[in-house]
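Counting starts at 1 for both ligands and their atoms, following the listed order. Numbers here simply count residues along the sequence, with the first being 1. The figures that follow rest on heavy atoms only: side chains count, while hydrogens, waters and symmetry mates do not.
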Amino acid sequence: MSRTTPPRPVDVTAVFPQLAPLVRTATRLHPRPGSPTPHDSSVGGPLLWPADEPWPHCDGPHVWDQVNAPLSPEDVRLQRRIQAAVASRPHGIPETARYTPEEQATNERINAGHPWPVGPIAMLPVAQLYGRDVPLLRPPGRFGADLLQVLWCPFDHPAHPRTALFWRSVAAVTDVLYTPPEPPAVQFPGYLPEPCLLEPEQVTEYPHVMELSTELQQQLGDWSTWQTAGAAVDSYYAPAPQELYTDKLSIAPGWKAGGWTRWGLTDPVPRVCSACGTEAEPLLTIATTEWGAGTDNWAPEEDQANPTATLPGYPPANYTMIDLARGYDLQLHVCPASPDHPHIELIQ
Ligand SMILES: [Zn+2]
Ligand SMILES: [Zn+2]
């Protein structure tokens, strides 16, 4: 099944021609639960990892927060199966009555937690993107590669998981590692991605409003400009037309490759390579939700046509079951000069 972003309600470059040179193409990934193999692009799926290459581990530090009990990946999966079973039962009875005694006992055991792990921690597959599925994905520099693999350590470093990026050539992987090590535990259930297949789709993006010139920001805030352009715009936005631009016209929500940086937690800050000073570029957005309040107009037509199946997890549209910093996104930026320069992790 493909996923189709509905047409934007306004051609924003017709109203503000100054935006036209700033257009970028982003690839929305549209992760949905499935059974990916190492030969698929995926979120939380098995990687095409060479059998003769050591699996990445994180040496820490992993500082016990004294509050949260980590869970084993197997227990997180078991708990999700129980939650899915409970959600499928009639809703006319209190939620606690929808658990079987066995499920209640299992949940109690799981919630007691797993001991805080010691020593290096095996990293978890988070995303695997084949160049054939995301053609605009280009490794930094002139380095030839057609596969990007992203793993993370499922413990806070210090406020979100630590990521590691690997670029490789698919043709160079002859023997695949089919049973990689798993971490003994994850700090939070939301740090274990649910296996998802992807339906990549290219969309058009424009910069976040705060990355535009002051003059253009003022124009975007002038309702009469929107009106004189004859655009069929929703008068709901008349008191603050920049919000129309932010919600519906500039940056797609959810998982995506490339495009523009999404801001929200902070004002824009420079993203400069620590090795060479070059401006780093958005590579991959690891999102908590695919859309939310204000951005639900980005929900694909196929999902809007089937609303009962659209909103798993909490918060809603959280198909990957990832939860970062209570609902935010982790955006990875890379230096265009070299794949060896450190990447930048940005929570927004
Ligand atoms: Zn770690
Ligand atoms: Zn650099």
Side-chain angles (χ1 to χ4, degrees), residues 24 43-44 47 49 53-76 113-128 136-145 148-168 180-193 257-258 260-261 268-284 286 288 320-326 328-347:
R24 282 187 190 171
V43 165
L47 303 180
W49 194 267
E53 190 173 312
W55 187 260
H57 285 68
C58 177
D59 292 327
H62 301 117
V63 184
W64 186 25
D65 63 13
Q66 310 271 341
V67 175
N68 296 289
L71 304 182
S72 73
E74 209 37 64
D75 279 349
V76 175
H114 184 282
W116 192 262
V118 290
I121 289 176
M123 297 184 89
L124 275 171
V126 172
Q128 170 165 279
L136 293 175
L137 194 69
R138 289 276 180 276
R142 282 187 285 276
F143 171 69
L148 170 66
Q149 295 170 328
V150 181
L151 297 92
W152 73 21
C153 168
F155 284 80
D156 279 340
H157 287 277
H160 56 77
R162 171 187 287 165
T163 55
L165 309 183
F166 296 86
W167 294 94
R168 56 177 89 248
E182 276 214 317
V186 298
Q187 189 167 355
F188 302 103
Y191 289 175
L192 181 73
W260 283 96
T261 305
V269 295
R271 289 126 286 153
V272 177
C273 172
S274 60
C276 73
T278 307
E279 174 86 8
E281 297 171 350
L283 175 74
L284 176 69
I286 299 168
T288 296
T320 63
M321 307 294 270
I322 285 176
D323 188 1
L324 287 160
R326 301 191 177 188
Y328 287 92
D329 301 339
L330 180 61
Q331 300 178 76
L332 307 183
H333 292 69
V334 287
C335 173
S338 168
D340 299 325
H341 292 180
H343 65 284
I344 295 171
E345 298 170 333
L346 182 70
I347 285 276

Which label fits W116 and W64: parallel for a plane angle under 30°, tilted from 30 to 60°, or perpendicular past 60°? tilted
Paired with I286, the side-chain contact (heavy atoms from CB on, under 4.5 Å) test is passed by just one of L324, D329, T320, namely L324
Angle subtended at the Zn ion (ligand 1) by SG of C58 and NE2 of H62, nearest 10°: 110°
Should the pair E281-R138 be classified as a salt bridge under the 4.0 Å nitrogen-to-oxygen rule? no
To 10 degrees, how wide is the angle SG (C335) to the Zn ion (ligand 2) to SG (C273)? 110°
Spatial distance of atom CG (L283) from atom CH2 (W167) [nearest 0.5 Å]: 5.0 Å
Among the N, O or S atoms of H341, the one nearest the Zn ion (ligand 2): ND1
